[in-house]
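Worksheet for the structure shown next.
Please read these numbers as outputs of a predicted model, since none were measured by experiment. Labels below follow one simple rule: chain letters A, B, ... track the order of the sequence lines, proteins then strands, and each chain is numbered from 1.
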2 protein chains.
Amino acid sequence: MADSHSGESLLFLTDEQLRQGIEAVFFAYRGFTADPDRILATMAYGRAHHRAIHFINRAPGTTVTNLLAILGVTKQSLNRVLRTLIEDGLVESRVGASDRRERNLYLTEAGIALENRLSDAQRTRMRAAYREAGPEAVIGFRKVLEAMMDPEMRRLYARLRESGQ
Amino acid sequence: MADSHSGESLLFLTDEQLRQGIEAVFFAYRGFTADPDRILATMAYGRAHHRAIHFINRAPGTTVTNLLAILGVTKQSLNRVLRTLIEDGLVESRVGASDRRERNLYLTEAGIALENRLSDAQRTRMRAAYREAGPEAVIGFRKVLEAMMDPEMRRLYARLRESGQ
DNA sequence: TTGGAGTGTCAACAAAGCTGACGTATTGTG
DNA sequence: CACAATACGTCAGCTTTGTTGACACTCCAA
């Protein structure tokens, strides 16, 4: 190979390595969603409800438009999910204080309780995976994930991280 | 903190770190599927077709039952996808040589051509991400992903890796 | 006061998953 | 050989979650 970059091996960029990475993402994502899915299956909810609950918990008071950007779905699709969550008393929609066209979304006590159940299950798996792989691996994991995102997603992700801590 | 493990920091296992990891997976997966999805949207195919094509290419001659285990869907769901791919001449289904109940699945030339288009798009993004993050990060990335999988998925994944190279 | 942004909702539809039931080869076993 | 089990395909019906397109309402700002 003539294109070895300052003595550094580029074998990690071969098609075979990339294929393996792609398959790893596929199989890992299956595990990633499996635990919350099992909980949700016992209720009348699905993955879409989980996503909405997760991000409302993460950014309380977020607007519908903001949530649309994060979730990447149409407002009709989100609205259907949101409506059932509001009807069931898991989410509260308050008219915006400064701009009364906006709706600020909050989890109710019941919503927070469900969010905890779901994210506990998901975190348990992630914690086990992190522990097994070790802190160095986790840094690399996060680095590659961030590099995989669309620039717009990276911005939203960074904003959430700041507000989170 | 009293539970520091032989001087090692466990800060990477905090709930906040795990939440960030969970969100990173979510946003990265969006990017992961975005490019093939754009190509598929121009045809009458969806993500399910992509998955079938990917794994048939990866393990030529695979049986329907094996594909079901890999994809984790019902045979009715897979069959709908497979039928259109066979009708459109992208996949060939041959009666098994040793066991004539089985069907061995292969991509046709046209199937291989589509697989290449799709996985080129996906690999291009992964290659850019890998290059940006560096080889150390990629090792950690793969390590954590593998630890996130269900044991059964880990077995299937390992088997694919062996057969791949 | 008027245009446009933010929101909600109706209708219709599509992709892709599910369960349950049934039929047909084919194979392995008692 | 008879029979149970396996692999596959398919019909029917349902659910979740996404999509377009159209339309109405509220409210902000120029």
(message) For the backbone of A/L90 and the side chain of A/T108, can you confirm whether one donor and one acceptor N or O come within less than 3.5 Å of each other?
(response) yes
(message) As an exercise, state the distance from CZ of A/R30 to CG of A/D37, rounded to the nearest 0.5 Å.
(response) 11.0 Å
(message) Quick test of your reading of the model: are A/D150 and B/R125 salt-bridged, counting only N-O distances below 4.0 Å?
(response) yes
(request) Would you indicate, yes or no, if D/dG18 has its OP1 or OP2 atom less than 4.0 angstrom from a side-chain nitrogen or oxygen of A/R51? (result) yes
(request) May I ask you to verify whether the side chain of A/R101 and the base of C/dA5 hold a donor-acceptor pair under 3.5 Å? (result) yes
(request) Rounded off to whole Å, could you give me the CG-to-P distance for the B/L82 and D/dC8 pair? (result) 10 Å
(request) Return the nearest nucleotide to the side chain of B/S93; candidates are C/dT27, D/dC8, D/dG9. (result) D/dG9
(request) Tell me which residues in residues 36-47 of chain B put a heavy atom below 4.0 Å from DNA chain C, sorted by number, or none. (result) B/G46, B/R47
(request) Side-chain contact test, heavy atoms from C-beta onward, threshold under 4.5 Å: evaluate it for A/F12 versus A/L18 and give yes or no. (result) no
(request) Could you say whether A/R100 or B/N104 is positioned toward the 5' end of DNA chain D, judged by the nucleotide with the nearest heavy atom to each? (result) B/N104
(message) I need the CZ-P distance between B/R80 and D/dG13, as an integer number of Å.
(response) 15 Å
(request) Scan A/R117, A/R123, A/Q122 and name whichever one has a side-chain hydrogen bond (donor to acceptor under 3.5 Å, both in side chains) with A/S119. (result) A/R123
(request) State whether B/R83 places a side-chain N or O below 4.0 Å from either non-bridging phosphate oxygen (OP1 or OP2) of D/dT10. (result) yes
(message) Using a 4.0 Å heavy-atom cut-off, does B/S98 contact any base of the nucleic acid, only the sugar-phosphate backbone, or nothing at all?
(response) sugar-phosphate
(request) State whether the side chain of B/T84 and the backbone N or O of B/V81 hold a donor-acceptor pair below 3.5 Å, judged by distance alone. (result) yes
(request) Round to the nearest Å and state the distance from B/L105 atom CG to D/dC8 atom C1'. (result) 11 Å
(request) Measure from the side chain of B/R103, starting at C-beta and using heavy atoms only, and say which of C/dG17, C/dG6, D/dG9 lies closest. (result) D/dG9
(request) Starting at atom NE2 of B/H50, determine the distance to atom P of C/dA15, rounded to an integer number of angstrom. (result) 18 Å
(request) Would you mind telling me which of D/dG18, C/dG8, D/dG9 lies closest to the side-chain atoms of B/N79? (result) D/dG9
(request) Between A/H49 and A/V95, just flag the one whose closest nucleotide in DNA chain D comes earlier from the 5' side. (result) A/H49
(request) Specify the separation, in whole Å, of atom CD of B/E102 and atom C1' of D/dA5. (result) 14 Å
(request) Would you give the length of the straight line joining atom CG of A/D88 to atom CZ of A/R83, rounded to the nearest 0.5 angstrom? (result) 12.0 Å
(request) Please examine the side chains of A/H54 and B/R19, heavy atoms only from C-beta on, and report whether any two atoms are closer than 4.5 Å. (result) yes
(request) Residues of residues 64-78 of chain B with any non-hydrogen atom less than 4.0 angstrom from an atom of DNA chain C: list those, numerically ordered, please. (result) B/G72, B/V73, B/T74, B/Q76, B/S77
(message) In the structure I gave you, are the side-chain heavy atoms of B/L145 and A/Y29 within less than 4.5 Å of one another anywhere?
(response) no
